[in-house]
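We use all heavy atoms of the structure for the numbers below, so side chains are in, but hydrogens, waters and symmetry mates are not. Numbered from 1 within each chain, the chains take letters A, B, ... in sequence-line order.
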2 protein chains.
Amino acid sequence: METVSEWTCFGGDLSVHDHDSETLDCSMRFAVFEPPQTSEEPVPVLWYLSGLTCTWANVMEKGGLQRKASELGVMIVAPDTSPRGDKVPDDEAYDFGQGAGFYLTATEKPWEKHFRMDQYIMEELPSIIRSNFAADMRRQSIFGHSMGGHGALTLALKNPGHFRSVSAFSPIVAPTQVPWGQKAFKGYLGDDEAAWKAYDACELVRKQQLDTTILIDQGEDDQFLDEQLKPRLFEEACREVGQPLAIRMRPGYDHSYYFISTFMDDHIMHHAKALYG
Amino acid sequence: METVSEWTCFGGDLSVHDHDSETLDCSMRFAVFEPPQTSEEPVPVLWYLSGLTCTWANVMEKGGLQRKASELGVMIVAPDTSPRGDKVPDDEAYDFGQGAGFYLTATEKPWEKHFRMDQYIMEELPSIIRSNFAADMRRQSIFGHSMGGHGALTLALKNPGHFRSVSAFSPIVAPTQVPWGQKAFKGYLGDDEAAWKAYDACELVRKQQLDTTILIDQGEDDQFLDEQLKPRLFEEACREVGQPLAIRMRPGYDHSYYFISTFMDDHIMHHAKALYG
């Protein structure tokens, strides 16, 4: 692991690191915000998964999460959104290929050698965090935005008990039913739509519920709301199976980090309560 | 005035506008954050001046000012840092020409037709804000970062009584004595160093003090501290003439928006106290 940048921020330490990922077969970059409490003892870890095109930088620069994370003693880890680099296959589109990993294990060529973001987030990166930071890995939570909201929901639902809490800003909740997800799943997973269901939060929650309330904030003026996000589908699925869900529609807000930063404190507090409860 | 973008953020409204500036003889872009209180009554205005290379976007995206401005009912106006565009002269350097207006009126060719950022900030843009937003222009304050801190200090000192309060993050306080300022002043103002003094906070405060405490935050690990910023020169000048000054050296912090966002709340509160006092 090589540290490429480091800043003091809200009394804590924000650092950016490169490492050679075995899982993804490429060099990967991630950021960690360590709150000041790490100088005393290991602190719980909150994973933030970003949306299409993003890297670690979007949330660390624009998300406004350091203030509350510092106050409440929560470490934040922000991975990249896909494998990257010259030897990794790519696509010209913003919503497929590099920057659009969709937190799954690809089975189709040429993606299957590198696109394994679910394994990377659940296995390889946690072991790096455990070894290099004052992180209490027995206490982890996860959240994300848009494609990263999809990632947070599906990883939490596929690994019940692993995360103490899960939340999302404007998540893709039903990728098998919307253009972003259908394009990505067809490309990474092939034509067999049965295989897609393993990465669809609406499908997953019907099979496996979590004993924690899932928190979702969604802007009502989000330009992707009706075509790509469809939070009502997840609300319906949760209601059917009795999954506790708090979904809050926010009039006037769109898909941007201006929306995310507005409700960031609420999400950090939601997770801190579970992580320290 | 043409509105080019608009977002809801922390219950307020962030909007970005283009207009044809007579003062600068080019099209200019600026951003305004209107807190929710503007729906009830006009609110005071806090000007934020950015540093070298920046536009309105740096502070609005990374400064984290909307939360506190929204809570305390302060409108924020973020202008650009220089005239811009194809017909405006430029220079390849990051610290001269477009993006480096230094909040002065140039007298040298080819800059003198466009580079008049002090007049733009003090006269033209305020009249646009007055006409288009619920702004109480009897109550204004100003702050900024680096070159923008220089702008805030010099505009406040040159216009005593105009701003109710002034503060800065890592300001250039003695441009006549440091490379950034010397290069810019020589280029915009010519070889006569006597003319430079009209834009040097250390010189100005010796002639004219303010009846408000000037607030400055400065990172001790700022890479520009020793060569370009030299806050001790301003501290010395203020002490000589009895200008109230609160300068706070911050161990571990650098020149970035991670530093600015950490102390942003303090600055907004400092100004809100003066604006609502």
Side-chain angles (χ1 to χ4, degrees), chain A residues 5-16 31-36 39 54 56-71 76 78 169-170 217-223 225 248-269, chain B residues 5-16 31-36 39 54 56-71 76 78 169-170 217-223 225 248-269:
Chain A
S5 307
E6 194 162 7
W7 298 272
T8 301
C9 185
F10 284 95
D13 187 78
L14 173 62
S15 55
V16 181
V32 176
F33 177 69
E34 296 167 274
S39 64
C54 293
W56 67 269
N58 301 69
V59 73
M60 290 300 186
E61 291 178 356
K62 302 181 181 181
L65 49 66
Q66 291 91 342
R67 192 180 59 87
K68 208 68 181 177
S70 179
E71 180 189 323
I76 312 277
F169 301 101
S170 34
D217 272 294
Q218 172 63 58
E220 285 189 359
D221 287 4
D222 187 323
Q223 65 268 43
L225 178 58
R248 308 184 297 196
M249 299 302 292
R250 302 294 192 176
Y253 289 89
D254 70 359
H255 201 67
S256 72
Y257 271 87
Y258 295 119
F259 156 67
I260 295 172
S261 61
T262 299
F263 300 104
M264 181 57 81
D265 280 6
D266 284 359
H267 284 244
I268 303 279
M269 287 189 283
Chain B
S5 306
E6 194 163 7
W7 298 271
T8 301
C9 185
F10 284 95
D13 187 79
L14 173 61
S15 55
V16 180
V32 177
F33 177 70
E34 296 168 273
S39 65
C54 292
W56 67 269
N58 302 67
V59 73
M60 290 299 187
E61 291 179 356
K62 302 180 181 182
L65 50 64
Q66 292 91 343
R67 192 180 59 86
K68 208 68 180 178
S70 179
E71 180 190 324
I76 312 276
F169 301 100
S170 33
D217 273 292
Q218 172 65 56
E220 285 189 359
D221 286 4
D222 188 324
Q223 65 268 44
L225 177 57
R248 308 184 297 195
M249 300 301 292
R250 302 295 192 175
Y253 289 89
D254 70 358
H255 202 66
S256 72
Y257 271 87
Y258 294 119
F259 156 67
I260 295 173
S261 61
T262 299
F263 300 104
M264 180 57 82
D265 280 6
D266 284 358
H267 284 245
I268 303 279
M269 286 188 285

Check: residues 57-65 of chain B side-chain donor-acceptor pairs under 3.5 Å, at least two apart:
residue, atom, partner, partner atom, Å
B:Asn58, OD1, B:Thr55, N, 3.1

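- Checked options B:Tyr253, B:Tyr258, B:Phe259, B:Tyr257; the residue passing with A:Trp7 is B:Tyr258 (criterion: ring pair (Phe, Tyr, Trp, His ring centres under 6.0 Å)).
- Looking at A:Leu14, the atoms closer than 4.5 Å to chain B (heavy atoms on both sides) all sit in the side chain, from C-beta outward.
- For chain B, the nearby parts of A:Ser261 are the backbone and the side chain; heavy atoms of each come within less than 4.5 Å.
- Separation of atoms CD1 (A:Ile260) and SG (B:Cys9) is listed at 11.0 Å; rounding is to 0.5 Å.
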* Asked: Please walk me through it: do B:Asp265 and A:Arg67 pass side chain to side chain contact (heavy atoms under 4.5 Å, CB included)?
  -> CA-CA 10 Å; B:Asp265 280 6; A:Arg67 192 180 59 87; 3.9 Å; yes
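- A search for side-chain contact (heavy atoms from CB on, under 4.5 Å) contacts involving B:Asp266 returns B:Arg248, B:Arg250, B:Phe263, B:Met269, not counting sequence neighbours.
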